[in-house]
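Notes to accompany the following structure.
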Amino acid sequence: MPILNVIDRTGEQRAIEAGDGLSVMQVVRNSGFGDILALCGGCCSCATCHVYVDPAFGPGLPAMSGDEDDLLDSSDHRTAQSRLSCQIPFSAALDGLTVTVAPED
């Protein structure tokens, strides 16, 4: 089963086994991480699932939508690796992906 590596806000890293069909946000939230609030439930209308994506995986991710880009612009912690985890579908192609939960705004 593919692995998603998550680094929480305290710096602790955990490997999560995940199947296809869920977003990165859903995988993280379903695994008990409290750092990702995902207040909108994954409909790209807040930025409470903001993560930093390992740059090695950037080219394999779907393009960022205008809505996602606008929401990330509202964060004081946006970087070149910023994405909303609800907008990243997890699959076997992303096996080994590492995301770091961004600081809370």
Side-chain angles (χ1 to χ4, degrees):
M1 190 168 278
I3 298 291
L4 172 65
N5 298 297
V6 181
I7 301 171
D8 69 15
R9 289 189 180 124
T10 67
E12 180 183 337
Q13 181 170 334
R14 187 166 33 163
I16 304 169
E17 288 187 352
D20 293 350
L22 296 176
S23 69
V24 168
M25 178 273 295
Q26 291 169 313
V27 171
V28 173
R29 196 172 62 177
N30 292 350
S31 296
F33 276 86
D35 288 349
I36 290 192
L37 298 176
L39 293 174
C40 73
C43 63
C44 197
S45 65
C46 73
T48 59
C49 67
H50 181 187
V51 295
Y52 303 126
V53 175
D54 178 341
F57 285 88
L61 300 180
M64 185 181 300
S65 71
D67 288 342
E68 181 181 3
D69 191 39
D70 289 345
L71 287 167
L72 286 169
D73 273 345
S74 69
S75 174
D76 293 334
H77 306 287
R78 184 177 187 166
T79 71
Q81 285 74 44
S82 289
R83 290 298 302 261
L84 297 182
S85 60
C86 69
Q87 299 302 295
I88 305 170
F90 191 73
S91 68
L94 293 178
D95 184 29
L97 171 66
T98 299
V99 297
T100 302
V101 179
E104 190 172 12
D105 279 315

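Excluded from the calculations below are hydrogen atoms, water molecules and symmetry mates; all remaining heavy atoms, backbone and side chain alike, are included.
- Shown here for Ala47 and Leu71, the closest heavy-atom pair between the two residues is CB-O, 4.0 Å.
- Note that CG of Asp69 and SG of Cys44 are 10.0 Å apart. Values are rounded to the nearest 0.5 Å.
- Separating the CG atom in Leu94 from the CG atom in Asn5 is a distance of 11.5 Å, to the nearest 0.5 Å.
- With Arg83 contributing its side chain and Ile88 its backbone, the two residues share no donor-acceptor pair below 3.5 Å.
- The hydrophobic cluster containing Leu84 does not contain Val53, counting ILVMFWY residues as joined when their side-chain heavy atoms lie under 4.5 angstrom apart, directly or transitively.
- Nearest heavy atom pair, residue Ile3 against residue Phe90, reads O-CZ, 3.6 Å.
- Ile7 contributes atom CD1, which lies 12.5 Å from atom CZ of Arg14 (distance to the nearest 0.5 angstrom).
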Apply salt bridge (Lys or Arg N to Asp or Glu O under 4.0 Å) to the pair Arg78 and Asp105, showing each step before the final yes or no. CA-CA 10 Å; Arg78 184 177 187 166; Asp105 279 315; over 6 Å; no
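- When all heavy atoms of Glu68 and Ser65 are compared, the closest pair comes out as N-OG, 3.1 Å.
- With hydrogens and angles ignored, the 3.5 Å screen pairs a side-chain donor or acceptor of Asp35 with a backbone N or O of Arg9.
- Listed here is the closest heavy atom pair of His50 and Ser82: NE2-OG, 2.7 Å.
- If you take CD on Glu104 and OG on Ser75, they are separated by 10.5 Å, rounding to the nearest 0.5 Å.
- Ser85 places a side-chain N or O within 3.5 Å of a backbone atom of Cys49 that can act as its donor or acceptor partner.
- Closest non-hydrogen pair, Ala56 versus Pro59, comes out as O-CD, 3.8 Å.
- Hydrophobic cluster membership is shared by Val28 and Val51, with clusters built from Ile, Leu, Val, Met, Phe, Trp and Tyr side chains linked at under 4.5 angstrom.
- Following chains of ILVMFWY side-chain contacts shorter than 4.5 Å, one cannot reach Tyr52 starting from Phe33, and the two form parts of different hydrophobic clusters.
- Between Met64 and Leu72, the closest side-chain pair of non-hydrogen atoms falls below 4.5 Å.
- Rounding to the nearest 0.5 Å places SG of Cys40 at 6.5 Å from CE of Met25.
- At distances below 3.5 Å, not a single donor-acceptor pair connects side-chain atoms of Ser31 with backbone N or O atoms of Ile16.
- Summarising the geometry of Gly96 relative to Phe57, their closest heavy-atom pair is C-CZ, 3.6 Å, with the distance given to 0.1 Å.
- One side chain, Asp8 or Thr10, offers a donor N or O that lies under 3.5 Å from an acceptor on the other.
- Rounded to the nearest 0.5 angstrom, Ile36 CD1 and Asn30 CG are separated by 11.0 Å.
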